[in-house]
Asks: 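Following this message is one structure expressed as structure tokens.
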Amino acid sequence: MRARTHFQKALVEVLSSMGVDWPEKTVIEPPKDKKFGDLACNIAMMSSKALGKKPRDVAESIRGKLLEGDADKIFSSIEVAGPGFLNVTYSPAFWQRQVQIVLDAAEDFGQCELGKGRKVQVEFVSANPTGPLHIGHGRGAAVGDSLARILRKAGFDVETEYYINDAGRQMLILGMSTYTRLQQLLGSDVELPEDCYKGDYIIDLAREIQDEHGDALRSMSEEELESICRQHAMTRILDGIKLDLKTFRVHHDIWFSEKSLVDAGKVEKTLSDLTAKGLAFEKDGALWFDTERYGDDKNRVLRKSSGDLTYFASDIAYHDDKYKRGFDLVVDIWGADHHGYVPRMKAAVQALGKNADDLEVILVQLVNLLRAGKQIAMSTRSGEFDTLSDVCAEVGVDAARFMFLSRKSDSHLDFDLELAKERSMDNPVYYVQYAHARICSLKAKAAEQGIKPSQVDMAALTGLDTEADIDMLRLLDQFPDTVESAAKNLGVHQIGYYLRDVASSLHRYYTLNPVLTAGDASLVTSRMMLLEAVAQVLRNGLELMGVSAPDRM
RNA sequence: GGGCAAUUAGCUCAGUUGGAUAGAGCGUUGGCCUCCGGAGCCAAAGGCCACAAGUUCGAAUCUUGUAUUGCCCGCCA
């Protein structure tokens, strides 16, 4: 059993014997300072009012009952400290069993029950298929994909989705851009209209059409040509996006077409439903949604006086569709410049009969692309920007993903290409991977010497009794808590910080404690098993980030 | 003008239901290769958690105000 689980269970028993309910704000956590033991709990302060006694007195009586019930001497000490904290220290034997727990669970170690099978959808990237993915999309892709992995690990039933904006004006502009480029290739002296996409990739697409259809193009009508251009451009760009994401180890279960919503009449249906409920109304020739009643600054237009639908209208229909598919929680990952869009979307969700909390929006801040400290200018309009595939090709998928996940989503990220290639602590992906490779190297060497830890009796683990051993074990025991916390707070970056801690502990352990040359045979094998458990946790953590754990570097 | 977010060591950043003496990396300074991978380790210095009030046993964390910075504010997508 894990330490926190054990402690909580023991406390619940003691409290119920005292006739007190478990206080909601009770916290059990490893204290900042090791001298306060392995775990600290504030339960005496939390329940002192209900018992009508001083926190320290409550703590003392809880302590007594805990020790009474501890027949197997799992606790090596329980202390009352400060204002009434209960600090417990576990026996070495308890910690040594963690090796077995990790090795038995193997790739499932870290799994927890937080989600209880709740259905969650994570929708991310969803870039318009009008051009290749750039580095900003890459961050959203890394965050979304990693979040899905974490939520799965935390016991949620997760589905990932990409929403394809294939119905709006952007597609017309894309078609027009390609069409114009094609005209130019055919020798016509036309200018590219102002709002068109100017990237060179559009010229490539036009050239493909030229190669495919040849002289047949000259006999086609303008409508036919535009349609061919639009179709070809969208299909090819979407294929490119799918390929980029695959290379980036990002997976979407569902690719959902906006056009399919519109064609099925679901957008119109949603609008009439809102109108029927009295939430939408006509004004100045347009149809408005009364988002103000849900706290938005102002009401929003659903259908323009021109008759065109706004994006907001199809977004509402889209989210309605999501909930009708049975998701308990919907997570949307957006660029932070869309933060003003959150209140109206939350309003829409409530109008659909759900709670505002049934939609979580993660805002991903902009990425500053740098090279050796100097900013690289990015602009889709001029067509000069760094694509995700360029960045991956230069620094590698592992470094890119780790870098994207190295900050809270909602804070700006400086992505320095030179730094991402560097092999130093500035670039922790190598630090963490190196820790794993070191263990693998030891294992290989051990195998040469005929040491096979997997066959060793668990009793040998009693040799793991130094402070360094216990520190290591305690840290491994925190992995499931880290997963749970990352899932609960949708804080994807927490995994990377934890892994840096584990790697740091491993490097220290490795430097200060001889493993293969420890002398005593059972000590050698028990240390090998400890390191095997460390490697397992590193692998599991890196897997959550979508980063590889190489055996050799 | 209104709204959202941010402000923590020289730099880049962690710190989430309020907990004990505020942490990490980089950089700086000084050490560690007879030794399983030095892409490593150890140690030191470095802080008024932007500022000011408030809430309470206790505040980097919650409330209010101020300052600075970024972003958003269309019948755009």
Side-chain angles (χ1 to χ4, degrees), chain A residues 24-27 29 31-33 35-36 40-42 45-46 48 54-55 81-85 87 128 130 165 168-171 173 195 283-288 296-312 314-315 335-343 363 365-366 406-408 410-414 416 419 422-435 437-446 448-449 485-486 488-491 493-494 496-498 500-501 503-504 506-518 524 527-528 531 552-553:
Chain A
E24 212 174 299
K25 293 198 168 183
T26 304
V27 174
E29 60 183 6
K32 285 178 206 156
D33 196 326
K35 79 178 178 199
F36 295 126
C41 184
N42 63 348
M45 282 102 93
M46 292 299 135
S48 70
K54 287 183 198 163
F85 285 103
N87 297 333
N128 289 340
T130 56
N165 291 118
R169 207 171 136 255
Q170 297 291 348
M171 283 305 101
I173 296 176
D195 55 355
K283 189 186 151 202
D284 302 333
L287 183 67
W288 295 72
D296 197 9
D297 299 344
K298 51 180 287 194
N299 292 328
R300 308 291 173 176
V301 172
L302 295 167
R303 189 194 297 111
K304 296 180 261 181
S305 52
S306 67
D308 294 332
L309 295 171
T310 61
Y311 254 64
F312 185 39
S314 55
D315 279 345
D337 52 339
H338 290 81
H339 73 259
Y341 205 76
V342 175
L363 297 172
Q365 268 293 357
L366 298 177
S406 67
R407 288 281 156 77
K408 273 186 304 198
D410 191 25
S411 60
H412 287 272
L413 173 67
D414 287 339
D416 193 311
L419 206 68
E422 224 174 80
R423 295 162 177 212
S424 70
M425 253 319 259
D426 257 339
N427 186 21
V429 62
Y430 290 105
Y431 185 77
V432 175
Q433 289 181 321
Y434 180 46
R438 265 185 151 172
I439 297 172
C440 291
S441 169
L442 268 188
K443 260 171 67 183
K445 196 151 263 181
E448 280 173 25
Q449 299 176 12
S485 166
K488 195 183 289 178
N489 305 312
L490 308 180
H493 65 286
Q494 294 180 14
Y497 279 92
Y498 170 77
R500 264 166 50 167
D501 275 353
S504 169
L506 183 276
H507 288 307
R508 177 168 49 244
Y509 190 93
Y510 179 94
T511 306
L512 302 177
N513 301 276
V515 177
L516 298 180
T517 52
V524 172
R527 284 188 175 169
M528 276 310 301
L531 294 198
R552 266 197 307 267
M553 296 173 66

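Sequence lines set the chain letters: A, B, ... in the order given, protein chains first and strands last, and positions in each chain run from 1.
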Asks: Touch check for A/Tyr497, heavy atoms < 4.0 angstrom, all strands: base, sugar-phosphate only, or nothing?
Replies: sugar-phosphate
Asks: Does some side-chain heavy atom of A/Asp284 sit less than 4.5 Å from a side-chain heavy atom of A/Ser305?
Replies: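 A/Ser305 does not reach A/Asp284 side chain to side chain.
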Asks: Work out how far the P atom of B/A60 is from that of B/G23, and round it to whole angstrom.
Replies: 13 Å
Asks: Give a yes/no on whether any side-chain N or O of A/Arg438 is located under 4.0 angstrom from OP1 or OP2 of B/G38.
Replies: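 Affirmative; the distance criterion is met.
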Asks: Taking the side chain from A/His507 and the backbone from A/Ser504, do they hold a donor-acceptor pair closer than 3.5 Å?
Replies: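 Absent.
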Asks: So A/Ala518, base contact, sugar-phosphate only, or nothing? Heavy-atom distance under 4.0 Å.
Replies: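 The residue A/Ala518 makes no contact with any strand.
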Asks: Taking only side-chain N and O atoms of A/Thr517, does any of them lie within less than 4.0 angstrom of OP1 or OP2 on B/C36?
Replies: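 The answer is no; no side-chain N or O of A/Thr517 sits under 4.0 Å from OP1 or OP2.
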Asks: Contact class for A/Asp315 vs. all strands (heavy atom < 4.0 Å): base, sugar-phosphate, or nothing?
Replies: nothing
Asks: Against the six-membered ring of A/Phe312, is A/Arg300 placed for a cation-pi contact (under 6.0 Å from the centre, within 45° of the normal)?
Replies: no
Asks: In whole Å, what separates the P atom of B/A24 from that of B/G3?
Replies: 39 Å
Asks: At under 4.0 Å between heavy atoms, what does A/Asn42 touch on the DNA or RNA strands: base, sugar-phosphate, or nothing?
Replies: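 Base contact.
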Asks: At under 4.0 Å between heavy atoms, what does A/His338 touch on the DNA or RNA strands: base, sugar-phosphate, or nothing?
Replies: base
Asks: When all nucleic acid strands are considered with a 4.0 Å heavy-atom cut-off, which category describes A/Arg552: base, sugar-phosphate, or nothing?
Replies: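 Touches a base.
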Asks: Need one value for A/Lys32: base, sugar-phosphate or nothing, where a base atom within 4.0 Å counts as base even if backbone is also close, heavy atoms only.
Replies: sugar-phosphate
Asks: Below the 4.0 Å mark, does B/A14 have OP1 or OP2 next to a side-chain nitrogen or oxygen of A/Ser411?
Replies: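 Yes, A/Ser411 has a side-chain N/O under 4.0 Å of OP1/OP2 on B/A14.
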Asks: Quick check, does A/Phe36 stack with B/A20? I mean ring centres under 5.5 Å and planes off by under 30°.
Replies: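 Aromatic stack with B/A20 present for A/Phe36.
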Asks: It should be established whether A/Lys298 places a side-chain nitrogen or oxygen under 4.0 Å from OP1 or OP2 of nucleotide B/C72.
Replies: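 Looking at the OP1 and OP2 atoms of B/C72, neither is under 4.0 Å from any side-chain N or O of A/Lys298.
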Asks: Would you classify A/Thr26 as touching base, sugar-phosphate or nothing, given that sugar-phosphate means primed atoms plus P, OP1 and OP2, and contacts are heavy atoms under 4.0 Å?
Replies: base
Asks: Could you measure between the two C1' atoms, the one in B/C71 and the one in B/U29, and give it in whole Å?
Replies: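 Approximately 41 Å lies between the C1' atom of B/C71 and that of B/U29.
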Asks: Pick the closest RNA chain B nucleotide for A/Asn87 and for A/Val515 by heavy atoms, then say which residue is nearer the 5' end.
Replies: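 By nearest-heavy-atom nucleotide position, the 5'-most residue is A/Asn87.
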Asks: Considering only atom C1', compute the distance from B/C48 to B/U12 and round it to an integer number of Å.
Replies: 22 Å
Asks: Have a look at A/Ala435 and say if it touches a base, only the backbone sugar-phosphate, or nothing, with a 4.0 Å heavy-atom cut-off.
Replies: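 Here A/Ala435 touches no strand at all.
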Asks: So, does A/Arg508 get its side chain near the phosphate of B/C42, meaning an N or O under 4.0 Å from OP1 or OP2?
Replies: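 So the side chain of A/Arg508 is within the cut-off, an N or O lying under 4.0 Å from OP1 or OP2 of B/C42.
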Asks: Does any N or O donor sit under 3.5 Å from an N or O acceptor when you compare the side chain of A/Asp501 with the base of B/A14?
Replies: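 Answer no: no donor N or O sits under 3.5 Å from an acceptor.
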Asks: Give a yes/no on whether any side-chain N or O of A/Lys304 is located under 4.0 angstrom from OP1 or OP2 of B/G74.
Replies: no
Asks: Tell me what A/Asp308 touches on the nucleic acid: a base, only sugar-phosphate, or nothing, going by heavy atoms under 4.0 Å.
Replies: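 Result for A/Asp308 = nothing.
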Asks: Please work out if A/Asn299 contacts a base, only the sugar-phosphate, or nothing of the nucleic acid, heavy-atom cut-off 4.0 Å.
Replies: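 Answer is nothing: A/Asn299 stays at 4.0 Å or more from every strand.
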Asks: What is the glycosidic conformation of B/C33: syn, defined as within 90° of 0, or anti?
Replies: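 Syn, since the glycosidic angle lies within 90° of 0.
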Asks: Does A/Arg407 form a side chain to side chain donor-acceptor pair (under 3.5 Å) with A/His412? I'd like the steps, not just the answer.
Replies: CA-CA 8 Å; A/Arg407 288 281 156 77; A/His412 287 272; over 6 Å; no
Asks: Can you check the distance between B/G25 and B/U34, where both ends of the measurement are the C1' atom (answer in whole Å)?
Replies: 32 Å
Asks: Say we look at B/C72 and B/G54: how far apart would their P atoms be, to the nearest angstrom?
Replies: 38 Å
Asks: Just to be sure I understand the rule, does A/Met46 reach a base, reach only the sugar-phosphate, or reach nothing, if contact means heavy atoms closer than 4.0 Å?
Replies: base
Asks: What integer number of Å spans the C1' atoms of B/A22 and B/U61?
Replies: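 Pairwise C1' distance, B/A22 against B/U61, rounds to 12 Å.
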Asks: Give A/Asn165 one of three labels, base, sugar-phosphate or nothing, depending on what nucleic acid heavy atoms sit under 4.0 Å from its own.
Replies: nothing
Asks: With side chains defined as the heavy atoms from C-beta onward, is the minimum distance between A/Cys440 and A/Arg552 less than 4.5 Å?
Replies: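 The answer is no; the side chains never approach within 4.5 Å.
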Asks: With distance as the sole criterion, do the side chain of A/Ser305 and the base of B/C75 form a donor-acceptor contact below 3.5 Å?
Replies: yes
Asks: Check this one for me: any side-chain N or O of A/Arg169 less than 4.0 Å away from OP1 or OP2 of B/A77?
Replies: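 False: A/Arg169 side-chain N/O out of range (4.0 Å or more) of B/A77 OP1/OP2.
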Asks: Can you tell me whether the side chain of A/Ser441 and the base of B/G37 have a donor-acceptor pair closer than 3.5 Å?
Replies: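 Looking at the base of B/G37, it does pair with a donor or acceptor on the side chain of A/Ser441 (distance under 3.5 Å).
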Asks: Compare the ring of A/Tyr431 with the six-membered ring in the base of B/A39 and state whether they stack (centres under 5.5 Å, planes under 30°).
Replies: no
Asks: Examine B/U16: is either OP1 or OP2 under 4.0 Å from a nitrogen or oxygen in the side chain of A/Lys408? Give yes or no.
Replies: no
Asks: I'd like the P distance from B/C75 over to B/G18, given in whole Å.
Replies: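 Here B/G18 and B/C75 have their P atoms 40 Å from each other.
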Asks: Any idea which of B/C72, B/A5, B/C41 is nearest the A/His339 side chain?
Replies: B/C72
